[in-house]
Protein chains: 2
Amino acid sequence: MLIRQNRGGAETAPENAPPLPPLVCVLDDDPDIRGSIESLLRAEGFSVQTYASTSEFVMCDSVDRAACLLLDINLGDANGLDFQEELAGNEIPVPVILMSGYGDIPMTVRGMRAGALDFLAKPLSDDVLLAAVSDAIRKDEVRRAASAALDGTRQRYNALTNREREIMGLVTAGLMNKQIAARLGLSEITVKIHRGNMTRKMQADSLADLVRMAEELGAREASASRFNR
Amino acid sequence: MLIRQNRGGAETAPENAPPLPPLVCVLDDDPDIRGSIESLLRAEGFSVQTYASTSEFVMCDSVDRAACLLLDINLGDANGLDFQEELAGNEIPVPVILMSGYGDIPMTVRGMRAGALDFLAKPLSDDVLLAAVSDAIRKDEVRRAASAALDGTRQRYNALTNREREIMGLVTAGLMNKQIAARLGLSEITVKIHRGNMTRKMQADSLADLVRMAEELGAREASASRFNR
DNA sequence: GCCCACATCATCCTTAGGTATGATGGCGGC
DNA sequence: GCCGCCATCATACCTAAGGATGATGTGGGC
């Protein structure tokens, strides 16, 4: 029925990006720890960025590849658990691996509840650390893939006019054109026109398609970052 | 458009069930612990059932009210973490609170990963225990409410004939009646009839409604048990 | 044997959805 | 001031969906 037209327009991905190595961010106030972790991970082919304090950590703004954060809990002037919760609150979906030399069960519970993938006791075992990092990177790759699938839909949604977004909401709520027209104080024909333009812009092949897009945009979107294990 | 008709048929709930007190199952091999937890929780108004071993625990088959499981890790002949993972594997969605006198960080990580809500170190503090249990019961109430919302839909879906289920799948995939007819080797009119019966039986007010029901039945359904925190 | 649920198809009619063409008006940028 | 985007509405036409009525056939249960 509805043929897709404006395909392959301005997608964001720069065509044939070479596969960047996964990035591991290390936030620990002990220079020795930072150094040893960095050399270990670099030897395994990871990119590594290290930070001594939370203020240094500007989240590698590069969200262009799979990444994870190795986060120490005892940061001297700051608490890693607080920082982790702050990240989660700001919807920063990077997988977190917590580390501590003085960890206990309540701290572990708190960290895991906040979404940490693992909690490693210091001194760190190379094998354990590598396994945890590999797992975290794998999780982030899955998360990024799912997020990328949403990206196209979200871009198309953002390209709609306000009226079109409004009508998309009412259409996917199950209202008929005439009900929408009455609700918005429009004539039915105007609704049809907006609806047609909206459906074409969203590249929806059917109403069912459109409903699923709306569900993804509305329902998931915000929560997706936490439920990806 | 579509008026709901066969409302209030054979719903499962026995009309005006008195609100049963939440049930706490306690699985611990120490009789003293079982006794003290039981008396504490009973004083707070909870129903309590205690078990000394995993074989005794038949999950209070009564899934007719909010519940949670207080699970000791050191069960003598069995391991609480293994048992918890077994429960999760069998899709038994009861919230679990782990307890241990010899817990460490790796055990905590494992338990939390498997979906435990909390991990309490023994000796237990009354306040901490009560807070954990209250929280778990609250979580289970939310889970049960969400699950109940699905129940009606699932019942109606199961009441469909095979043909109607088949057509529901194709309708919610976005196919037009004539496409469905071709796919199934039927005439379009027959598809319309099945579709009409199906939509009425599902009590769907619109196609959008139907698509969401199909999404819930297909996509959530199995996973809902684990993502309910 | 009869009844009922299920499935199948036909004809007829109404409503809803989708598109094309054309027209008007506001608003912002060059 | 003109052009483009957006929004609005009208007329007309076509397709899709939904419902009513009627009919045929099959299989299972009492």
Side-chain angles (χ1 to χ4, degrees), chain A residues 1-7 9-10 155-215, chain B residues 1-7 9-10 155-215:
Chain A
M1 168 174 38
L2 296 168
I3 307 301
R4 298 164 187 240
Q5 291 179 345
N6 59 349
R7 199 51 98 71
Q155 275 181 30
R156 289 191 287 273
Y157 183 75
N158 289 333
L160 297 180
T161 68
N162 290 334
R163 251 312 187 228
E164 286 162 354
R165 266 189 291 271
E166 199 173 9
I167 287 184
M168 176 169 168
L170 297 172
V171 165
T172 56
L175 275 68
M176 292 182 303
N177 287 343
K178 66 169 55 178
Q179 293 176 301
I180 296 172
R183 173 99 47 121
L184 300 180
L186 299 177
S187 76
E188 188 180 345
I189 184 64
T190 303
V191 174
K192 283 185 178 182
I193 292 173
H194 286 313
R195 178 176 183 158
N197 292 336
M198 178 269 292
T199 303
R200 184 175 37 77
K201 285 185 182 177
M202 291 303 292
Q203 296 176 13
D205 290 331
S206 62
L207 176 55
D209 236 43
L210 207 58
V211 172
R212 271 184 287 269
M213 289 183 192
E215 288 286 293
Chain B
M1 167 175 40
L2 296 167
I3 306 301
R4 297 162 187 242
Q5 291 181 344
N6 60 348
R7 200 49 101 68
Q155 275 179 31
R156 290 191 288 274
Y157 182 75
N158 290 334
L160 297 181
T161 68
N162 289 335
R163 248 322 183 218
E164 286 163 354
R165 266 189 290 273
E166 198 174 9
I167 287 184
M168 176 169 168
L170 296 172
V171 165
T172 55
L175 274 68
M176 291 181 304
N177 288 344
K178 66 169 57 178
Q179 294 175 301
I180 297 173
R183 173 98 48 119
L184 300 180
L186 299 175
S187 76
E188 187 180 345
I189 185 65
T190 302
V191 173
K192 282 186 178 183
I193 292 174
H194 287 313
R195 178 176 184 157
N197 292 335
M198 176 270 291
T199 304
R200 184 176 35 78
K201 285 185 183 177
M202 291 302 293
Q203 295 175 14
D205 291 329
S206 63
L207 176 56
D209 236 43
L210 206 58
V211 171
R212 271 184 287 269
M213 289 182 190
E215 287 286 294

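A:E166 is linked by a side-chain hydrogen bond (donor to acceptor under 3.5 Å, both in side chains) to A:R163, counting only residues two or more places apart in sequence or in another chain. Among residues two or more places apart in sequence or in another chain, the side-chain hydrogen bond (donor to acceptor under 3.5 Å, both in side chains) test is passed with A:N162 by A:R165.
Contact record, A:Q203 with A:M213: O-CE, 3.9 Å, taken as the closest heavy-atom pair. Residue B:S206 comes nearest to A:A173 through the heavy atom pair OG-O, 4.5 Å, listed as atom of the first residue, atom of the second, then distance. Of all heavy-atom pairs spanning A:A208 and B:V171, the tightest one is CB-O, 4.4 Å.
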| request: For the pair B:T199 and B:R195, evaluate side chain to side chain contact (heavy atoms under 4.5 Å, CB included) and give the outcome as yes or no after the intermediate values. | output: CA-CA 6 Å; B:T199 304; B:R195 178 176 184 157; 4.1 Å; yes
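One can place CG of B:N197 at 9 Å from P of C:dC6, the figure rounded to the nearest angstrom. Nucleotide C:dT14 holds its P atom 18 Å from the CE atom of A:M176, rounded to whole Å. With rounding to whole Å, B:R165 atom CZ is found 15 Å from C:dA7 atom C1'. Rounded to whole Å, atom P of C:dT19 lies 10 Å from atom CZ of A:R195.
If you take OG1 on B:T161 and CG on B:N197, they are separated by 8.0 Å, rounding to the nearest 0.5 Å. Interatomic distance, CG of A:N177 versus CD1 of A:I167, reported as 8.0 Å (0.5 Å rounding).
Proximity of B:K192 to the phosphate of D:dG19: no side-chain N or O atom is located under 4.0 Å from OP1 or OP2. Taking only side-chain nitrogens and oxygens, B:N177 never comes nearer than 4.0 Å to OP1 or OP2 of D:dA16.
Across the helix from C:dG1-D:dC30 to C:dC30-D:dG1, the helix axis at one end is tilted relative to the axis at the other end by 30° (nearest 10 degrees, each axis from five pairs).
Taking 4.5 Å as the limit, some side-chain heavy atom of A:M202 sits within range of a side-chain heavy atom of A:Y157.
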| note | Protein heavy-atom contacts under 4.0 Å, written 5' to 3' over nucleotides 4-11 of chain D as B (base), S (sugar-phosphate only) or - (none), form the string --SSSBBB
Using distance only, find each side-chain donor-acceptor pair of residues 187-194 of chain B under 3.5 Å and give its atom names and separation, not counting sequence neighbours.
| residue | atom | partner | partner atom | Å |
| --- | --- | --- | --- | --- |
| B:S187 | OG | B:T190 | N | 3.4 |
| B:S187 | OG | B:T190 | OG1 | 3.1 |

List every contact pair, protein side and nucleotides 23-27 of chain D side both N or O, where the distance is under 3.5 Å.
none

